Amino acid sequence: MAGGVGSRFWPMSTQDRPKQFIDVLGTGKTLLQLTVERFGNMVPAENLWVVTNERYADIVREQLPDMPAENILCEPCRRNTAPCIAYVSWRIKSKDPKANIVVTPSDHVVTNVQEFQRVISECMTFTQDCDAIVTLGMKPSRPETGYGYIQADLSSPSLRNKQIFRVDSFREKPDLQTAEQYIKKNNYFWNAGIFIWNISTIVNAFRVYQPKLAKIFEALLPVYGTTQEQEAINEQFPKCENISVDYAIMEKAEEIFVCPADFGWSDLGTWGSLLSQSRRDLYGNALIGPSISIYDSHNCIVHTTQEKKVVIQGLDGYIVAENDDTLLICKLSEEQRIKQFSE
């Protein structure tokens, strides 16, 4: 899923080029490219699909030149994750009615790719021949208020896989006090928004719990893979309800399981989260750029990939970021105000 719009990493990210299309980590690869790379030796290129907003289609083609053009699906407008997932599910069903699917956001970070692949493989084996939906639950390392949580029933693992458990409930983003209570227990996990299921399971779930959505995409089966597909999607997609897959399916379906995992995951929702995911010096500074010198400074995130030379002295807990002749210097504690700076 690569259709998100946002400017939380302004000035690097903008509505014209959201964070999934930029090199946030300074690796020379965008988050979208890193996401595809994680599946490189697991999934052949012809089985990789990207759903994005039509305004970003050219960027996706530019960043993923090896992906088949017909595997880049374009939404004419934003309608949240349920219509996005429904569209690609019926599109894949038209090509392979026995497909096993992983759905993942394109703007997350995974530091332990080998463990990620192991977990995904385990879950795909689990879902291949059963009517089950599996979501990944990240083991929490702090009382995070920016993530939703999954409450798991750890008392009885699945008979088919001892690493997979039933979901008791999904919890909305909590306040700090509630988050602190969650992490004192061992059965609460961050909701990473990564799902695994077989095609018949998810299609049937939409038919049962979201029949209006299902009817829209079922009716388009004759045009999938044809020259009429985009025109039909442009006409029908705006009729879809704006609803997340969590509300549409996950909180209603019965056969919902969670696989607890720990592979260095972050959704990189803030500059602070980027700081925590980056390599830091002895003073807690993360420096992303070709030539940065920093003195008498602590706990700063510096992202200056376009500048020849950057020298910083005497800062504590700051963001320093530049992009296309725009420079941001902001306290990390005030980064919630970045949106107003970018307007």
Side-chain angles (χ1 to χ4, degrees), residues 1 80-82 85-86 89 100-105 108 110-112 114-210 243-267 269:
M1 297 182 290
N80 217 314
T81 55
I85 290 171
S89 296
N100 209 17
I101 298 175
V102 180
V103 176
T104 180
H108 293 182
V110 168
T111 57
N112 188 340
Q114 185 175 358
E115 176 63 8
F116 170 84
Q117 293 178 344
R118 185 196 68 79
V119 170
I120 292 295
S121 295
E122 291 276 350
C123 293
M124 293 188 79
T125 299
F126 183 82
T127 60
Q128 187 165 6
D129 299 313
C130 71
D131 186 21
I133 292 173
V134 176
T135 183
L136 299 190
M138 302 296 106
K139 293 182 179 179
S141 59
R142 60 186 182 277
E144 176 60 58
T145 60
Y147 299 154
Y149 285 73
I150 301 167
Q151 182 185 12
D153 178 5
L154 301 183
S155 63
S156 55
S158 166
L159 296 176
R160 299 177 62 239
N161 189 316
K162 300 299 183 183
Q163 302 174 53
I164 295 176
F165 304 84
R166 284 193 176 274
V167 171
D168 271 347
S169 65
F170 291 90
R171 301 298 180 95
E172 295 299 311
K173 297 175 182 178
D175 57 30
L176 181 59
Q177 183 177 3
T178 303
E180 289 173 343
Q181 293 300 313
Y182 286 169
I183 67 167
K184 289 179 182 178
K185 305 174 183 179
N186 68 342
N187 65 325
Y188 281 82
F189 303 91
W190 290 336
N191 187 350
I194 301 173
F195 310 108
I196 303 96
W197 44 50
N198 67 54
I199 194 68
S200 61
T201 296
I202 190 59
V203 164
N204 288 337
F206 273 106
R207 287 169 176 161
V208 172
Y209 303 110
Q210 297 296 325
I243 186 171
S244 73
V245 73
D246 295 280
Y247 284 121
I249 303 294
M250 304 302 286
E251 295 185 3
K252 296 180 172 66
E254 295 180 359
E255 293 295 305
I256 304 289
F257 296 82
V258 61
C259 180
D262 187 6
F263 41 68
W265 171 88
S266 172
D267 78 342

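Start at 1 with the first residue, then count along the sequence. It should be emphasised that the depicted structure is a prediction, and the values quoted were computed from it without experimental measurement.
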Worksheet entry | Pairwise side-chain contact, Met250 with Val167, heavy-atom cut-off 4.5 Å (strictly under) | no
Fill in: Gap between atom CD1 of Ile249 and atom OG of Ser244 - 0.5 Å precision
10.0 Å
Fill in: Any residue meeting side chain to side chain contact (heavy atoms under 4.5 Å, CB included) with Thr111, in chain and number order, not counting sequence neighbours
Val109, Gln277
Item to complete: Heavy atoms only: give me the nearest Asn186-Phe189 pair and the separation to one decimal.
Response: O-CZ, 3.6 Å
Response to the item:
Contacts of Tyr209 meeting side-chain hydrogen bond (donor to acceptor under 3.5 Å, both in side chains) (sequence neighbours excluded), chain-then-number -> none
Fill in: Side chain proximity check, Asn100 to Thr127, heavy atoms < 4.5 angstrom
yes
Discussion item. If we count only N and O atoms by modelled type, under 3.5 Å, do the side chains of Tyr149 and Asn191 hold a donor and an acceptor together?
Written reply: no
Item to complete: Please examine the side chains of Thr104 and Met1, heavy atoms only from C-beta on, and report whether any two atoms are closer than 4.5 Å.
Response: no
Worksheet item: Rounded to the nearest 0.5 Å, how far apart are CD1 of Ile85 and CG of Asn80?
Response: 9.0 Å
Fill in: Results of side chain to side chain contact (heavy atoms under 4.5 Å, CB included) for Gln177 - residues two or more places apart only
Asp175
Listed pairs under 3.5 Å, donor-acceptor, residues 251-264 side chains, sequence neighbours left out:
residue	atom	partner	partner atom	Å
Lys252	NZ	Tyr247	O	2.6
Glu255	OE1	Arg166	NH2	3.3
Glu255	OE2	Arg166	NH2	3.3

Worksheet entry | For Phe165, the option from Ser155, Pro157, Ser156 that meets side chain to side chain contact (heavy atoms under 4.5 Å, CB included) | Pro157
Worksheet, complete the sentence: Applying side-chain hydrogen bond (donor to acceptor under 3.5 Å, both in side chains) to Ser141 and not counting sequence neighbours gives none
Worksheet item: Donor-acceptor pair, Thr81 side chain versus Val245 backbone, under 3.5 Å?
Response: yes
Worksheet item: Which pair of heavy atoms, one from Ala82 and one from Phe206, lies closest together, and at what distance?
Response: O-CZ, 3.5 Å
Discussion item. Among residues at least two apart in sequence or on other chains, which ones pass side chain to side chain contact (heavy atoms under 4.5 Å, CB included) with Gln181?
Written reply: Lys184
Worksheet item: Stepwise, does the side chain to side chain contact (heavy atoms under 4.5 Å, CB included) test hold for Cys130 with Arg160?
Response: CA-CA 10 Å; Cys130 71; Arg160 299 177 62 239; 3.2 Å; yes
Worksheet item: Is the shortest heavy-atom distance from the side chain of Ile101 to the side chain of Ile199 under 4.5 Å?
Response: yes
Worksheet item: Of all residues at least two apart in sequence or in a different chain, which pass the ring pair (Phe, Tyr, Trp, His ring centres under 6.0 Å) check with Phe195?
Response: Trp197
Worksheet item: With sequence neighbours excluded, what pairs up with Ser200 under the side-chain hydrogen bond (donor to acceptor under 3.5 Å, both in side chains) test?
Response: Asn198
Exercise answer: donor-acceptor pairs, residues 131-140 side-chain atoms, under 3.5 Å, sequence neighbours excluded:
residue	atom	partner	partner atom	Å
Asp131	OD1	Thr201	OG1	3.2
Thr135	OG1	Ile194	O	3.3

Practice prompt. Apply the test side chain to side chain contact (heavy atoms under 4.5 Å, CB included) to residues Glu144 and Trp190: give CA-CA distance (whole Å), side-chain angles for both, the deciding distance (0.1 Å), then the verdict.
Written response: CA-CA 9 Å; Glu144 176 60 58; Trp190 290 336; 3.7 Å; yes
Fill in: Contacts of Pro143 that satisfy side chain to side chain contact (heavy atoms under 4.5 Å, CB included) - sequence neighbours left out
Leu176, Ala179, Glu180, Ile183
Discussion item. Can you list everything that forms a salt bridge (charged side-chain N to carboxylate O under 4.0 Å, His left out) with Arg207? Sequence neighbours excluded, please.
Written reply: Glu218
Worksheet entry | Contacts of Tyr188 that satisfy ring pair (Phe, Tyr, Trp, His ring centres under 6.0 Å) - sequence neighbours left out | Tyr182
Worksheet item: Does Ser121 reach the main-chain N or O of Gln117 with its side chain, forming a donor-acceptor pair under 3.5 Å?
Response: yes
Fill in: Min side-chain heavy-atom separation Val119-Gln163 under 4.5 Å
no
Discussion item. Pair Glu115, Val110 - check side chain to side chain contact (heavy atoms under 4.5 Å, CB included), show working.
Written reply: CA-CA 9 Å; Glu115 176 63 8; Val110 168; over 6 Å; no
